[in-house]
Amino acid sequence: MQDRLKNQVLWVDEAGLLGTRDMSGLIDLAHRQNARLILGGDTRQHASVARGDALRILNTVGGIKSAEVSKIYRQKGEAYRSIVEDLSRGNVAQAFQKLDDAGAIKEIDPLGPNTQLIDDYAETIRSGKSALVISPTHEQGHEITKSIRQNLQESGHLGKKQVEAKQFVVLNLTTAQKADWRNLQQGHIVQFNQNRAGIGRGSIWTITSSTDHNVFIRKEGDDEIIPLPTEHSDSYDIYRESKIALAKGDLIRITRNGFDNQKKRLNNGQILQVSSVRKSGAIALHNPVSKAAYRLDQNFGHLAHAYCVTSHSSQGRTTDEVFLHQPSATFGATDAKQIYVSVSRGRERIRIYTDYKDALLEHAKKISDRKSAIELIVGAREAAMQHVREQMEKRPLQKEKEPIDIHKPIRVTKTKDHEPRI
């Protein structure tokens with residue numbers, strides 16, 4: 001694939017999700033292959049999980065000129081589109097006022113925080129429209145998903161027959177944490193992203209023991225036990241095993257790239273609907289839009305219900321109506337990017353459910369851009385220069401022996417009473 005890239009174009013969608021390491025690798029690759037690299041994305045949306053807001057840094061610190069699309073096409077109604085336009089420009093308070101005026105912000109009962117949302121969601125589904133619930137935290141999302149499935153089962157939207165399938169829940173450990181035996185417990189699942197000596201890419205192993213001397217793993221269906229190559233911790237991911245209940249009609253999300261039983265490609269984030277389930281563990285799926293069919297067994301592992309997702313998982317998705325569950329318990333995970341992404345997923349309507357409207361606005365104004373090293377250095381220098389100017393303004397006017405060069409490097413120390421001294 002890299003050879004075919006020579007003198008061609010490499011186009012990256014959702015480039016705001018690239019960390020600095022991957023961005024650097026792509027730029028280096030494009031340079032070697034004499035290719036043009038086009039980066040498409042929105043720096044006001046979520047950045048990468050890996051370190052570095054690469055696209056924003058290229059755009060601001062790097063000063064690379066960008067072409068912008070200013071017209072919004074997803075939202076059908078003018079009022080809804082206007083709200084998203086405000087959020088895209090950082091006008092959070094103005095957007096919230098419009099949401100409030102339109103009755104889109106629902107104040108919920110803390111004793112029954114999910115009741116109104118579940119009823120509204122069920123009504124939308126019964127009307128034949130697509131809907132998505134977004135919550136900032138996984139914990140809140142699991143509770144809502146449980147309530148939604150119960151409602152759908154009681155109303156007959158899900159089949160009565162149900163099977164339990166294996167589910168791998170990623171632990172989201174850093175490269176350093178995946179190399180530390182203290183984070184690796186007996187029973188944890190290890191799946192490899194790259195080939196290693198005696199280990200195939202995509203193979204699944206189980207941790208049998210973990211000590212400060214060695215971590216040992218065993219391959220599924222094999223009795224051989226080998227040491228985990230922790231020196232190559234960037235080659236694998238760590239999961240805990242759980243169970244997921246599936247019935248006909250369930251919406252599910254693929255959580256890792258892979259293939260079905262017929263070697264058809266499955267992409268991370270892909271939304272599918274369960275066509276049928278069998279006692280044998282066979283699961284039939286289809287794409288509600290393209291009608292493509294897939295077959296899995298109950299040991300596939302990389303599945304999750306798709307009724308309620310985090311704003312990170314929702315990025316890039318479009319649905320008729322959006323239900324944003326934002327109680328005060330989630331405010332720690334609330335910021336301007338999360339609100340912008342969540343609100344902008346819908347075509348026709350957005351509803352926000354919270355128990356503390358004023359506090360939600362304050363958290364939604366929070367900017368969560370991660371500073372680059374250059375930005376930190378420049379910011380510290382500007383702060384020091386501002387301090388010098390303020391100190392000079394406080395001094396009585398007097399004739400100086402020589403002019404003060406404000407661009408000359410300065411040294412800032414602290415006295416015993418912790419007051420800065422220049």
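Counting from 1, the numbers follow the sequence of the chain as shown.
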task = Look at atom CD of Glu139 and say whether more than 12 heavy atoms of other residues, nucleotides or ligands are closer to it than 6.0 Å.
result = no
key: Flag if over 12 foreign heavy atoms under 6.0 Å of NZ, Lys98   = yes
Under 3.5 Å side-chain donor-acceptor pair for Ser328 and Asp355 = yes
key: NZ or CZ of Arg265 within 45° of Phe259 ring axis and under 6.0 Å   = yes
ask   = Going by atom types only, do Asn114 and Tyr353 share a side-chain donor-acceptor pair under 3.5 Å?
value = no
CD1/Ile38: more than 12 non-hydrogen atoms of other groups inside 6.0 Å = yes
message = Tell me whether Gln75 contacts the main-chain N or O of Gly346 through its side chain, where contact means a donor paired with an acceptor under 3.5 Å.
response = yes
key: Value rounded to 0.5 Å, distance of CG in Leu296 from CG in Leu303   = 6.0 Å
Within 6.0 Å of CD in Gln177, more than 12 heavy atoms from elsewhere = yes
query = Is the closest side-chain heavy-atom distance between Leu39 and Met23 below 4.5 Å?
reply = yes
Residues, nucleotides or ligands: over 12 heavy atoms within 6.0 Å of Arg32 CZ = yes
request  = Classify the angle between the aromatic ring planes of Tyr239 and His302 as parallel (below 30°), tilted (30 to 60°) or perpendicular (above 60°).
outcome  = perpendicular
ask   = How about Ser130 and Thr319: does a side-chain donor come under 3.5 Å of a side-chain acceptor?
value = yes
ask   = Is there side-chain contact between Ile199 and Trp205, with at least one heavy-atom pair below 4.5 Å?
value = yes
key: His305 and Arg253, any side-chain heavy atoms less than 4.5 Å apart   = no
ask   = Got Ile189 and Asp237 here, is their nearest side-chain heavy-atom distance under 4.5 Å?
value = no
query = Is there a donor in the side chain of Thr206 and an acceptor in the side chain of Arg218, or the other way round, less than 3.5 Å apart?
reply = no
query = Is there side-chain contact between Ile27 and Leu37, with at least one heavy-atom pair below 4.5 Å?
reply = yes
inquiry  = Quick test of your reading of the model: are Glu348 and Arg74 salt-bridged, counting only N-O distances below 4.0 Å?
reply    = no
Given Asn261, Ile283, Leu266, Asp260, the one that forms side-chain contact (heavy atoms from CB on, under 4.5 Å) with Phe300 = Leu266
remark   = The reported gap from CD in Gln162 to CG in Leu246 (rounded to nearest 0.5 angstrom) is 7.5 Å
key: Gap separating the CD atom of Gln153 from the CD1 atom of Ile148, nearest 0.5 angstrom   = 12.0 Å
message = With a sphere of 6.0 Å drawn around NE2 of His138, does it hold more than 12 non-hydrogen atoms of other residues, nucleotides or ligands?
response = no
ask   = Is the closest side-chain heavy-atom distance between Gln326 and Gln338 below 4.5 Å?
value = yes
inquiry  = Check this for me, if you would: do Arg56 and Asp53 make a salt bridge, where the nitrogen-to-carboxylate-oxygen distance has to be below 4.0 angstrom?
reply    = yes
message = With ring-ring contact (aromatic ring centres under 6.0 Å, His included) as the rule and sequence neighbours excluded, what pairs involving residues 324-346 come up?
response = Phe331-His363
query = Is any side-chain heavy atom of Lys106 closer than 4.5 Å to a side-chain heavy atom of Arg351?
reply = yes
ask   = Does Val170 reach the side chain of Thr255, with side-chain heavy atoms less than 4.5 Å apart?
value = no
